[in-house]
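Okay, structure first, notes after.
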There are 2 protein chains.
Amino acid sequence: MATSTPAILPRVSCDQCPLRQCRSFRDFSSEELGFVHDFKTGEVSAAQGMSIMVEGERNPQLYTVLSGWGFRYKILEDGRRQILNYVLSGDLIGLQGHLMEEMQHSIEALTRMTLCIFERDKLPKLFRHHPSLAYDITWLAAREESMLDEHLLSIGRRSARERAAYLFAFLDARVKSVAAPPADRPFILPLTQQHVADTLGFSLVHTNKTLRRLVQQGLIRWLDRGCEVLDTERLYHVAEWRPPKEGKRPFI
Amino acid sequence: MATSTPAILPRVSCDQCPLRQCRSFRDFSSEELGFVHDFKTGEVSAAQGMSIMVEGERNPQLYTVLSGWGFRYKILEDGRRQILNYVLSGDLIGLQGHLMEEMQHSIEALTRMTLCIFERDKLPKLFRHHPSLAYDITWLAAREESMLDEHLLSIGRRSARERAAYLFAFLDARVKSVAAPPADRPFILPLTQQHVADTLGFSLVHTNKTLRRLVQQGLIRWLDRGCEVLDTERLYHVAEWRPPKEGKRPFI
DNA sequence: CGTATGCTTGACCCCTGTCAAGTTTGGTGG
DNA sequence: CCACCAAACTTGACAGGGGTCAAGCATACG
């Protein structure tokens with residue numbers, strides 16, 4: 001939870017944005033691309049453990065994740081923490097702080113991250129002049145909502161083993177959907193068992209014992225500070241989960 | 001879970017919509033009002049227990065709730081059910097089925113409900129010609145997201161007593177925010193203990209015992225098929241929850 | 001008046017949290 | 001290069017929260 005200042009990087013042109021390499025994102029018209037480039041003010045890099053946003057903040061920056069992993073969370077006064085969701089490449093963060101009075105959750109970098117910074121005050125202009133992009137933003141919000149629905153089902157009704165299986169299947173599907181083309185190398189989910197515990201709503205000890213079972217059954221492998229998924233199909237089956245069939249998806 | 005056909009009601013003009021009586025909704029310009037009236041195709045009434053939408057449905061109707069209570073839920077194959085959130089007056093439902101491939105959750109009427117029906121295909125037109133309304137829709141999506149965040153925190157990290165306290169405080173605040181002006185009469189939350197259980201992620205038996213404690217401590221009163229909140233402040237305190245300070249909020 | 005729905009309660013046991021102690025790994029500085 | 005330290009992961013013992021089973025009660029409704 002380091003709090004050093006983030007490193008500001010120069011602004012890279014949007015049409016050579018690395019995210020556009022990825023097949024799962026939709027294409028932009030050159031007009032859209034022009035506006036987005038204008039909307040963009042620069043890039044930042046955030047080190048692992050750094051706070052990207054904190055609950056209660058008013059009108060924070062608006063970012064799109066360009067690389068790395070982060071997580072959204074809330075904490076109770078006595079320190080109990082709940083991880084709400086993870087943020088990956090292509091995700092838009094900070095929107096809530098613009099629409100509502102203030103941020104209702106915090107975001108922390110799980111790995112080193114690079115973020116694309118947008119100009120705070122141009123959001124109304126985006127809605128006025130670029131309905132297709134406005135539609136995309138709404139789409140992203142609806143997608144976040146449906147992920148949260150699924151997490152609620154998981155925490156509320158799935159058993160420990162099912163919950164853990166669901167989490168890894170879910171995250172595995174997400175990384176793969178935004179991975180750069182040669183997507184056959186193994187993906188490591190950069191988590192700590194404490195993160196898993198705070199996501200699933202379990203204690204650290206019980207999380208450890210649950211993961212151990214998944215490891216023994218050959219579903220995952222646990223590394224230092226990371227999880228490798230070995231058998232996605234069986235994870236899906238244990239969790240009784242169907243991966244969302246995402247066609248092309250938008251991002252800003 | 002009755003499945004009789006919903007009763008189609010005649011279309012009422014939007015400028016005499018009962019929701020506009022309520023102070024917590026923002027005012028519309030006459031131009032906005034004109035479009036919304038055009039967008040609206042009629043009203044339906046749904047009886048208690050009726051299914052409003054079902055998971056997997058493609059391109060369902062788009063509605064705004066005019067009166068009554070409903071709930072969004074998901075179920076696992078073996079019947080375990082998780083209630084995700086409740087829908088009340090002013091809430092927009094069915095948006096997800098338009099933006100994504102298909103509905104990811106179901107909605108059922110908790111009481112008799114009346115719904116305002118919108119024309120399926122005019123959503124793109126709304127985004128093109130009425131940015132302020134598009135903004136409102138995004139606002140509504142962000143608000144739903146922040147409610148779900150709070151529920152996740154609750155289910156993941158709060159104790160049984162805290163969770164129940166949170167739920168009733170939350171629902172009490174919600175009804176009051178959309179109540180017609182003389183808002184001092186007691187509000188009854190029209191729930192079954194089974195609904196509470198499926199919301200909190202508990203068994204029915206344990207839910208009953210938890211509620212009993214809240215009753216004995218004078219925080220709530222339990223009626224047949226309903227809960228009356230007696231001490232909002234203490235509920236807030238037990239749940240360690242701050243009610244959102246909503247100023248004027250939008251609706252469509 | 002019988003039946004369905006919803007609410008209550010007690011007994012029992014397993015899942016999960018807490019406490020406590022270790023082990024392994026990677027990094028840092030002498 | 002080695003000693004030390006902090007993070008992260010393990011493991012066992014024990015207790016309590018919450019699930020399951022089972023039975024009973026109350027109210028509404030046809």
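Letters A, B, ... are given to chains in the order of the sequence lines, protein chains preceding strands, and every chain is numbered from 1.
As a whole-Å value, the separation of B:Q216 CD from C:dT8 P is 11 Å. Here C:dC7 presents its P atom at 9 Å from CD of B:Q194, a figure rounded to the nearest Å. Put simply, NE2 on A:H195 is 11 Å from C1' on D:dA8, counting in whole angstrom units. Taking atom CD of residue A:Q48 and atom C1' of nucleotide D:dA7, one finds them 11 Å apart after rounding to whole Å. Distance A:I220 CD1 to D:dC9 P: 11 Å, rounded to the nearest Å. For the pair B:L223 CG and C:dC7 C1', the computed distance is 12 Å after rounding to whole Å. Rounded to a whole Å, the CG atom of A:L214 is 16 Å from the C1' atom of D:dC9. As a whole-Å value, the separation of B:R225 CZ from C:dA4 P is 17 Å.
Tested against B:Y236 for a ring pair (Phe, Tyr, Trp, His ring centres under 6.0 Å), the candidates B:F170, B:F168, B:W241 yield a single pass: B:W241.
Under 4.0 angstrom from either OP1 or OP2 of D:dC9 there lies no side-chain N or O belonging to A:N208. For C:dT8, one of the phosphate oxygens OP1 or OP2 lies less than 4.0 angstrom from a side-chain nitrogen or oxygen of B:R212. Applying the 4.0 Å criterion to OP1 and OP2 of D:dT10, one finds that A:Q193 has a side-chain N or O inside that range.
Between B:W69 and B:Y86, the angle of the ring planes goes over 60°, which puts this pair in the perpendicular group of the 30/60° scheme.
Residues A:R80 and B:E162 are paired through a salt bridge, judged by an N-O separation under 4.0 Å between the basic side chain and the carboxylate. A salt bridge does not link B:D78 with A:R157: none of the charged nitrogens is closer than 4.0 Å to a carboxylate oxygen.
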Provide a list of protein-nucleic acid N or O atom pairs under 3.5 angstrom, restricted to nucleotides 16-20 of chain D.
unit_1	atom_1	unit_2	atom_2	d
D:dG19	OP1	B:S203	N	3.2
D:dG19	OP2	B:S203	N	3.1
D:dG19	OP2	B:S203	OG	3.0

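Along DNA chain C, the nucleotide nearest A:D224 and the nucleotide nearest B:T192 are compared for position; the residue whose nucleotide lies closer to the 5' end is B:T192.
To the nearest 0.5 Å, atoms CZ (A:R225) and OG1 (A:T111) are separated by 9.0 Å.
Panel note: side chain B:E77, backbone A:E240; no donor-acceptor pair is recorded below 3.5 Å.
Environment of CZ in A:R58: crowded, with over 12 heavy atoms of neighbouring residues, nucleotides or ligands closer than 6.0 Å.
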